[in-house]
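Below, chain A is the first sequence line, B the second, and so on; all start at residue 1.
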Protein chains: 2
Amino acid sequence: MSKKEQIVKVASKYFSEVGYDKATLDDVAKEVGVSKAAIYYHFKDKFALYEAVLCSRFKDLAQTICEIDVLVPIKALREYVEKFGNFLLENPCFSAIFAREMADGAMNMPQSCTEQMSQILKKLSAILQEGEAQGVFEKENPFMVQLMIVSTLVNYRTTRKLRITVMKNLNEIKNIDAGLKDIIPNLANKIIKALQC
Amino acid sequence: MSKKEQIVKVASKYFSEVGYDKATLDDVAKEVGVSKAAIYYHFKDKFALYEAVLCSRFKDLAQTICEIDVLVPIKALREYVEKFGNFLLENPCFSAIFAREMADGAMNMPQSCTEQMSQILKKLSAILQEGEAQGVFEKENPFMVQLMIVSTLVNYRTTRKLRITVMKNLNEIKNIDAGLKDIIPNLANKIIKALQC
DNA sequence: CTCTATTTACTTACTCGTCAGTAAGTTTAG
DNA sequence: CTAAACTTACTGACGAGTAAGTAAATAGAG
């Protein structure tokens with residue numbers, strides 16, 4: 001792996017763990033084993049590094065989502081939830097970054113990523129419309145449906161520690177906390193059920 | 001309103017708008033019309049001010065949620081969603097703070113607030129269990145249900161600008177973006193439908 | 001083929017702004 | 001008179017960004 005790729009990888013870890021602002025380039029540089037100035041050799045500034053972290057992954061996500069075939073809406077919706085979920089599983093750094101972007105109104109979201117997000121939502125919109133046309137789904141606000149899926153998945157990941165703390169508070173230690181992997185099909189079923197006529 | 005209360009009010013605005021880290025006490029002091037040191041007269045440090053901002057509101061939220069009568073589970077679940085939603089409407093600063101806390105795993109969440117959250121979840125758990133006992137709801141993971149409700153509502157607020165940008169990208173300008181107020185009953189219906197046997 | 005010029009990929013050692021937090025002094029209310 | 005409620009003016013740390021220098025690879029001219 002090139003130094004540049006290593007920088008992106010380590011940076012994505014820090015951005016994920018502590019957020020854009022608290023992530024310091026000194027730390028990233030230290031962990032990669034280069035000087036901070038080396039980062040500035042490869043990237044214009046901190047934000048450009050953040051962009052590099054986000055954009056490639058977003059592109060991948062938009063890619064797989066766009067492959068979904070709309071024709072059988074219920075199946076397509078299940079696929080949508082599963083693909084999103086699996087993406088988060090395969091890109092563990094992403095949940096936190098995504099969640100933070102949603103939390104602060106996508107303030108740091110690079111434009112290209114916003115465009116990818118639009119494509120993703122467009123697909124969901126198409127699934128819902130096809131479902132409506134076929135009489136299997138009711139008319140829906142696609143933004144809300146999107147949030148019911150995405151924010152649930154993303155925040156399920158980020159709130160793991162909180163859930164464990166809360167479980168202790170409620171003395172429900174028996175109830176072993178389910179991982180995201182187990183949640184995905186469950187959420188898919190719930191969403192489908194919620195939207196069906 | 002006392003100076004101390006004014007500080008809390010203005011601080012909650014800044015914490016909400018830019019997050020804990022980017023919110024500066026200099027800005028808060030300036031807007032209140034006191035010196036920064038005045039804040040330190042009333043609060044031990046920045047985190048103590050944040051605690052003050054969070055705790056009182058969380059207490060209120062836990063209060064109303066706890067008033068819900070569990071006996072008719074479907075009604076209770078609708079009330080749960082509505083009370084949460086109305087709380088966010090009445091406390092506009094809260095969505096962003098809440099969303100950020102969820103996004104970074106409740107890293108800055110004061111313990112007392114975590115306890116309030118436990119109480120809130122306990123109520124939802126009770127509603128779901130009563131529903132299960134009465135045979136109206138299926139057995140559920142209360143954490144996931146909680147997230148489907150809370151993260152959807154909270155992020156619906158925080159992503160308003162993003163939604164508008166995305167709408168422009170998709171040329172769906174006709175589709176006027178619905179406010180949180182209109183979303184609440186809709187979400188309540190969806191959640192109930194998703195959980196019903 | 002080899003000597004020089006240039007570019008690539010960095011390093012060291014700094015600056016500069018920002019911001020939490022503080023020490024010490026001052027005003028105001030009871 | 002004294003305690004509460006401040007203010008002014010500062011410190012100290014941290015972190016983004018930079019200037020200037022360097023070693024090694026590569027290209028190009030003779």
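Atoms CD1 (B:Ile39) and P (D:dA5) sit 16 Å apart, rounded to a whole Å. Put simply, NZ on B:Lys46 is 15 Å from P on C:dT18, counting in whole angstrom units. What separates CZ of B:Phe47 from P of C:dG21 is a distance of 11 Å, to the nearest Å. To the nearest angstrom, P of C:dA20 lies 15 Å from OH of B:Tyr50. The distance from atom CG of A:Leu25 to atom P of D:dT18 is 12 Å, rounded to the nearest whole Å. One interatomic measurement links the two molecules: CG of B:Asn108 to P of C:dA20, which rounds to 13 Å at whole-angstrom precision. We find that CG of A:Asp26 is positioned 10 Å from P of D:dC14, with the value rounded to whole Å. In this structure, NZ of B:Lys22 is placed 21 Å from P of D:dC14, rounded to the nearest angstrom.
In this structure, B:His42 reaches the D:dC6 phosphate: one of its side-chain N or O atoms is under 4.0 Å from OP1 or OP2. Close to C:dA9, at under 4.0 Å from its OP1 or OP2, lies a side-chain N or O of A:Tyr41.
The side chain of B:Lys36 has C:dG21 as its nearest neighbour among D:dG17, C:dG21, D:dT7. For A:Lys3, the listed nucleotide lying nearest its side chain is C:dC10; candidates were D:dA16, D:dA19, C:dC10. Distance from the side chain of B:Thr24 is smallest to C:dC19 among C:dC19, D:dT8, D:dA16. Residue B:Tyr40 has its side chain nearest to C:dG21 when only C:dT11, D:dA16, C:dG21 are considered.
In the hydrophobic cluster analysis, where Ile, Leu, Val, Met, Phe, Trp and Tyr join through side-chain heavy atoms closer than 4.5 angstrom, B:Val145 is grouped apart from B:Val72.
Each of B:Phe98, B:Phe94, B:Phe58 was scored for a ring pair (Phe, Tyr, Trp, His ring centres under 6.0 Å) with B:Phe87, with one residue passing: B:Phe94.
Dense packing is recorded around CD of B:Gln134, with more than 12 heavy atoms of other residues, nucleotides or ligands lying under 6.0 Å away. Heavy atoms of other residues, nucleotides or ligands lying less than 6.0 angstrom from NZ of A:Lys83 number more than 12.
Under a 4.0 Å N-O distance rule, the pair B:Glu138/A:Lys193 qualifies as a salt bridge.
Residue contacts shown for A:Ala29 are absent, as no nucleic acid heavy atom lies under 4.0 Å away. Among the protein residues, A:Ser35 comes within range of the nucleic acid bases, having at least one heavy atom under 4.0 Å from a base atom.
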